[in-house]
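Values in this document were obtained by computation on a predicted structure and should not be read as measured data.
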Amino acid sequence: MQHSPSIFTRFLSTIGIILSLYALYVEHKSSHPTYTDGIVDEFQALCDIEAIGASCSQVFSLPEGRMLSYFGIVPEGSALDVPNAALGLSYYSIIFLSESLFAKTDFIKATTVCLNCAAMSSSIFLATKLIQLGELCILCWTTHLLNALLLVYYSRLLMKKDAGRAKAD
């Protein structure tokens, strides 16, 4: 059976990779200021839009911005205490590579849906926090939308396979 990669999922995962890389850049620039002649250079992220009250750089500095340590999965300050954007970069890269390199076996589909569920669960948690805190993070909401679209796509793909099996029986 020949594998035909989905342009839709490769497009979504590419957008996710780009957004994750930008989020890592913003998080780094916000937490590591640069100095010119002893004066801190002001950094303004593209996703910090004062007119609408949006600030991704402020959101990235919240404790929830490093979910692995926030939930106690890894110790705070350890090498594995990475920003959520690094987790997103890994996730979107895995989706892109699995779509491009591997045949869509039942195992790959099921594993991908499990990864999608984990990503969507974290999106729901983080979106709830954003609402509770009254924070507007356009970059965050965009990745939450990407996660939802990927979950729906892969879930439908898995259900089509199951529906095809039921008809064959």
Side-chain angles (χ1 to χ4, degrees), residues 3-34 41-71 73-74 79-104 108-109 111-131 133-158:
H3 170 63
S4 61
S6 165
I7 293 172
F8 179 70
T9 55
R10 287 194 297 178
F11 174 74
L12 292 179
S13 58
T14 300
I15 297 299
I17 289 168
I18 292 167
L19 291 176
S20 296
L21 286 170
Y22 185 70
L24 283 169
Y25 171 75
V26 170
E27 195 269 340
H28 178 76
K29 291 293 280 183
S30 297
S31 63
H32 298 87
T34 56
D41 294 331
E42 187 174 330
F43 172 72
Q44 179 73 33
L46 294 174
C47 49
D48 289 346
I49 308 168
E50 192 174 327
I52 61 171
S55 177
C56 60
S57 57
Q58 184 175 341
V59 169
F60 297 157
S61 66
L62 295 172
E64 293 86 349
R66 293 176 178 262
M67 284 197 323
L68 294 179
S69 62
Y70 180 78
F71 287 117
I73 297 169
V74 300
L80 295 176
D81 183 18
V82 296
N84 294 345
L87 300 175
L89 179 60
S90 299
Y91 167 67
Y92 294 119
S93 297
I94 289 169
I95 295 297
F96 184 88
L97 291 173
S98 72
E99 191 62 40
S100 302
L101 300 177
F102 301 110
K104 291 184 181 176
I108 294 292
K109 288 180 201 174
T111 302
T112 304
V113 170
C114 288
L115 281 173
N116 295 143
C117 288
M120 197 64 229
S121 296
S122 65
S123 280
I124 291 169
F125 169 77
L126 293 169
T128 302
K129 285 293 186 178
L130 286 173
I131 292 168
L133 297 170
E135 294 287 348
L136 177 58
C137 175
I138 295 169
L139 195 148
C140 302
W141 285 105
T142 305
T143 59
H144 300 329
L145 176 63
L146 290 176
N147 291 345
L149 291 171
L150 285 167
L151 178 62
V152 167
Y153 173 81
Y154 280 108
S155 296
R156 290 187 68 206
L157 192 65
L158 195 60

**Atom CZ of F71: over 12 foreign heavy atoms under 6.0 Å** = yes
**Item:** Worked verdict on L139 versus F60 for side-chain contact (heavy atoms from CB on, under 4.5 Å)
**Value:** CA-CA 10 Å; L139 195 148; F60 297 157; 4.0 Å; yes
**Distance, nearest 0.5 Å, that separates CD of Q58 from SG of C137** = 10.0 Å
**Request:** For S155 and V113, work out which heavy atoms get closest and say how close.
**Result:** N-CG2, 4.1 Å
**Step-by-step side-chain contact (heavy atoms from CB on, under 4.5 Å) determination, T9 to Y154** = CA-CA 9 Å; T9 55; Y154 280 108; 3.8 Å; yes
**Asked** Quick check: are the SG atoms of C114 and C117 less than 2.5 Å apart?
**Response** no
**Request:** Would you please say whether a donor-acceptor pair under 3.5 Å links the side chains of N147 and Y92?
**Result:** yes
**Item:** Point-to-point distance, once rounded to the nearest 0.5 Å, from CD1 of I15 to CD1 of I18
**Value:** 5.0 Å
**Message:** Let's go through S98 and T112 carefully: what are the C-alpha distance in whole Å and the side-chain angles of both, what is the deciding distance for side-chain contact (heavy atoms from CB on, under 4.5 Å) to 0.1 Å, and is it a yes or a no?
**Reply:** CA-CA 8 Å; S98 72; T112 304; 4.3 Å; yes
**Request:** Considering non-hydrogen atoms only, spot the tightest contact between M67 and E64 and give its length.
**Result:** CG-O, 3.4 Å
**Message:** Does H144 form a side-chain contact (heavy atoms from CB on, under 4.5 Å) with L130? I'd like the steps, not just the answer.
**Reply:** CA-CA 12 Å; H144 300 329; L130 286 173; 4.1 Å; yes
**Message:** Can you list everything that forms a side-chain contact (heavy atoms from CB on, under 4.5 Å) with I52? Sequence neighbours excluded, please.
**Reply:** I49, A54, L136, I138
**Message:** I need the minimum non-hydrogen distance between L19 and L146, along with the two atoms involved.
**Reply:** CD1-CD1, 4.0 Å
**Message:** Could you measure the distance from the CG atom of L126 to the CG atom of L62? Nearest 0.5 Å is fine.
**Reply:** 10.0 Å
**Complete:** Closest heavy-atom pair, W141 versus E135, reported as atoms and distance to 0.1 Å, is NE1-O, 4.5 Å
**Asked** Do any pairs count as a side-chain hydrogen bond (donor to acceptor under 3.5 Å, both in side chains) and have a residue in residues 14-27, sequence neighbours left out, and if so which ones?
**Response** E27-R66
**Item:** Qualifying residues under ring-ring contact (aromatic ring centres under 6.0 Å, His included), relative to F96, sequence neighbours excluded
**Value:** none
**Request:** Would you check if S93 and I17 make a side-chain contact, meaning some heavy-atom pair closer than 4.5 Å?
**Result:** yes
**Heavy-atom pair with the smallest gap, counting every atom of S55 and D48** = CA-OD1, 3.1 Å
**Complete:** Rounded to the nearest 0.5 angstrom, the CG-CG distance for L150 and N116 is 6.0 Å
**Complete:** Shortest non-hydrogen pair, L24 vs A86, comes out as CD2-N, 3.7 Å
**Complete:** Here the gap from N84 atom CG to Y70 atom OH, rounded to the nearest 0.5 Å, amounts to 11.0 Å
**Message:** To the nearest 0.5 Å, what is the distance between CD1 on I94 and CG on L115?
**Reply:** 6.0 Å
